[in-house]
Visitor: 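Take this structure first; my questions come after.
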Protein chains: 2
Amino acid sequence: MADQAAERQNLGLLCFYPHRALESRLLAALVAAGYDDITTAQGRIAARIGPGGTRLTALAEQALVTKQTAGHLVDQLEKAGYVRRVPDPTDARARLVQMAGRGLEVVAVARRVEAEVEAEWTAHLGEEATAQLRAALERLREITDPYR
Amino acid sequence: MADQAAERQNLGLLCFYPHRALESRLLAALVAAGYDDITTAQGRIAARIGPGGTRLTALAEQALVTKQTAGHLVDQLEKAGYVRRVPDPTDARARLVQMAGRGLEVVAVARRVEAEVEAEWTAHLGEEATAQLRAALERLREITDPYR
DNA sequence: CCATTCCGTCAGAGAATCTGACCATCGTCA
DNA sequence: TGACGATGGTCAGATTCTCTGACGGAATGG
C-alpha cells in the first residue's frame with residue numbers, strides 16, 4: 001500500500017484530491033455565507049438530494065454509507081432546518097428527503113461554487129481535456145459505483 | 001448542492017466513485033488475506049508511507065487530516081505491528097513512520113490489487129482514454145492538492 | 001395468501017476527526 | 001551568539017461519523 005514516492009500513483013488515489021478539493025471549497029463557501037453548521041458528511045448527503053426529493057436508501061447508496069448513517073445525517077440536517085422529510089406518494093414505507101427553507105439557499109451557494117471550481121479546472125486543463133476527463137469518469141462510474 | 005438528478009454531475013463528485021471503489025477493493029483484499037484489522041482511515045494513511053519512511057506531518061498533509069488524526073491512526077497501525085516510528089536523522093524533532101513487519105506483507109497485497117483494479121479500469125476505458133485520464137488528474141492535482 | 005424483500009428507525013458501540021495547548025527542536029536574523 | 005518565530009509531534013478532551021443487529025410495517029412476487 002505504500003507507493004507514494006517516485007512511483008506513479010494509482011488512479012483511485014489521484015481522484016482523491018479533486019474530490020476533496022471541491023468538498024473543501026463548498027464547505028468554505030457555505031461557512032462564508034453564514035451556513036457554518038453543515039459538516040462535511042452532511043454536505044455529502046445533501047449534495048445528493050435531487051429536485052423533488054430523494055429516498056434515504058438512495059442517499060445512503062450514492063454516498064456509500066449505511067442507512068443508519070444517512071438517517072443520522074438527515075436527522076441533523078432536518079433539525080437545522082435544511083431539509084424535511086415527506087411521505088413518498090408511491091410507497092407508504094418510504095419518505096422523501098427534500099430541501100427545505102435554508103437548504104434552498106444553500107443550494108444556490110453550492111451551485112455557484114461548483115460552477116466556479118469547474119471553470120477553474122477547465123481553464124487549467126483546457127476544454128478538450130476537461131471533456132475527456134468527464135467522459136472517462138462517467139464511463140468509469142459504470143464499473144465503480146456499486147449502486148448503479 | 002442538490003444537483004444529483006438528471007443534471008450532469010460535477011467533476012469533483014464523479015471522482016468520488018473511483019476513489020472509493022479502489023479503497024473498498026483494497027480493504028476487501030486485505031481482509032481476505034487475513035489483515036482484517038486495518039480500517040479505511042488507517043489504510044488511507046498507510047498508503048502514503050513511502051520507502052524509507054514518511055513524516056507524520058507529511059502523512060497528515062497528503063491524507064488531508066490534522067496531525068492529531070494522523071498521529072492517532074499511526075498509533076493504531078504501530079500497535080498492530082504494521083508500522084514503526086524511528087527518529088529522522090535529519091531533524092531531532094521529527095520521526096519517520098516506516099512500514100514494519102506485517103506492513104511489508106500488506107504492501108505486497110495492496111500493490112497487486114492496485115494493479116488488478118487499474119487493469120480492469122484500463123480494459124473498460126481503453127489505453128488511450130486511461131492515459132488521458134491520468135494526465136488530466138495529475139494536472140488537476142497541481143491546483144487541487146493544497147500541499148504540493 | 002404467504003414468504004421474502006424493502007424502508008426506515010432504534011439502540012449501542014467504536015472509529016475518525018477536530019481544537020487548543022504544550023514542549024522540544026530548527027532556522028533565520030540582528 | 002542569542003532571541004524569536006516556525007516546525008514537529010504529542011496530549012487531552014470533545015464531537016462527528018460510521019457501523020451492526022434488530023425490529024415493525026409496507027410492498028412485491030409466486
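Proteins come first, then strands; the chains are lettered A, B, ... in the order of their sequence lines, and each starts at number 1. Heavy-atom basis, side chains included; hydrogens, waters and symmetry copies ignored. Source: prediction; values computed, not measured.
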Visitor: Taking salt bridge (charged side-chain N to carboxylate O under 4.0 Å, His left out) as the definition, give me every residue that meets it alongside B/E105, ordered by chain and number, with sequence neighbours left out.
Guide: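 Here no residue qualifies.
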Visitor: Sorted by first residue and then second, give each ring pair (Phe, Tyr, Trp, His ring centres under 6.0 Å) pair with at least one member in residues 73-128 of chain A; sequence neighbours left out.
Guide: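 Output for this query is empty, none listed.
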Visitor: Quick one: side chain to side chain donor-acceptor pair (under 3.5 Å) partners of B/D88, sequence neighbours excluded?
Guide: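 Here the qualifying residues are B/R55, B/T90.
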Visitor: Extract, from 5' to 3' on DNA chain C, the first and final nucleotides lying under 4.0 angstrom from some heavy atom of chain B.
Guide: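 Contact span on the strand: C/dA15 to C/dC26.
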Visitor: List the residues meeting side chain to side chain donor-acceptor pair (under 3.5 Å) with A/Q42, not counting sequence neighbours, and say none if there are none.
Guide: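 Testing A/Q42 for side chain to side chain donor-acceptor pair (under 3.5 Å), a comparison that skips the adjacent residues, returns A/Q76.
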Visitor: To the nearest Å, how far apart are A/I38 CD1 and D/dT16 P?
Guide: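 Distance check: A/I38 CD1 to D/dT16 P gives 14 Å.
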Visitor: Between A/D75 (CG) and D/dT18 (C1'), how many Å, whole number?
Guide: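 Spelled out: CG on A/D75 to C1' on D/dT18 is 14 Å.
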Visitor: Scan residues 10-24 of chain A for pairs that pass salt bridge (Lys or Arg N to Asp or Glu O under 4.0 Å), counting only residues two or more places apart or in two chains.
Guide: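 Salt bridge (Lys or Arg N to Asp or Glu O under 4.0 Å) check on residues 10-24 of chain A returns A/E23-A/R44.
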Visitor: Rounded to the nearest angstrom, tell me the gap between atom NZ in A/K79 and atom P in D/dT16.
Guide: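 Taking atom P of D/dT16 as the reference, NZ of A/K79 is at 11 Å.
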Visitor: Can you list the residues that meet the side chain to side chain donor-acceptor pair (under 3.5 Å) rule with B/T69, with sequence neighbours excluded?
Guide: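 So B/T69 forms a side chain to side chain donor-acceptor pair (under 3.5 Å) with B/T66.
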Visitor: What's the NE2-P distance between B/H72 and D/dT16, to the nearest Å?
Guide: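 Rounding to the nearest Å, NE2 of B/H72 and P of D/dT16 are 17 Å apart.
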Visitor: Tell me whether the side-chain N/O atoms of B/T57 come closer than 4.0 Å to OP1 or OP2 in D/dG9.
Guide: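 Answer yes for this pair, as a side-chain N or O of B/T57 is under 4.0 Å from OP1 or OP2.
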Visitor: Nearest whole angstrom, please: distance from the C1' of D/dT7 to the CZ of B/R55.
Guide: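 In whole Å, D/dT7 C1' and B/R55 CZ are 9 Å from each other.
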Visitor: Tracing side-chain links under 4.5 Å among I, L, V, M, F, W and Y, which residues wind up in one group with A/L96?
Guide: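 Traced through the cluster, A/L96 reaches A/V86.
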Visitor: Using a 4.0 Å cut-off on protein heavy atoms (strictly under), produce a 5'-to-3' string for nucleotides 21-30 of chain D with B for base contact, S for backbone-only sugar-phosphate contact, and - for none.
Guide: BB--BBS---
Visitor: In the hydrophobic cluster built from side-chain contacts under 4.5 Å, what are the other members alongside A/V31?
Guide: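 Hydrophobic cluster check, A/V31: no partners found.
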Visitor: Counting any heavy atom closer than 4.0 Å, what does A/T69 reach on the DNA or RNA strands: base, sugar-phosphate only, or nothing?
Guide: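 The residue A/T69 makes base contact.
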Visitor: Quick one: bend of the helix from C/dC1-D/dG30 to C/dA30-D/dT1 from 5 pairs per end, to 10°?
Guide: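 Result, rounded to 10 degrees: 40°.
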Visitor: What is the distance from CG of A/L64 to C1' of D/dC19, rounded to the nearest Å?
Guide: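 In whole Å, D/dC19 C1' lies 14 Å from A/L64 CG.
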Visitor: Is a side-chain N or O of B/Y17 found less than 3.5 angstrom from the main chain of A/Q62, in a donor-acceptor match?
Guide: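 Yes; at least one donor-acceptor contact below 3.5 Å.
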Visitor: Between atom CE of B/M99 and atom CG of B/L104, what is the distance when rounded to the nearest 0.5 Å?
Guide: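 B/M99 CE to B/L104 CG: 7.5 Å, rounded to 0.5 Å.
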Visitor: In whole angstrom, give the distance that lies between atom CG of B/L59 and atom P of D/dG9.
Guide: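 The answer, rounded to whole Å, is 9 Å.
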Visitor: In whole angstrom, give the distance that lies between atom CD of A/Q42 and atom P of D/dT18.
Guide: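 In whole Å, D/dT18 P lies 10 Å from A/Q42 CD.
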Visitor: Give me each pair satisfying ring pair (Phe, Tyr, Trp, His ring centres under 6.0 Å) with a member in residues 18-60 of chain A, each pair once, sequence neighbours excluded.
Guide: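 Of all non-adjacent pairs touching residues 18-60 of chain A, those that pass ring pair (Phe, Tyr, Trp, His ring centres under 6.0 Å) are A/H19-B/F16.
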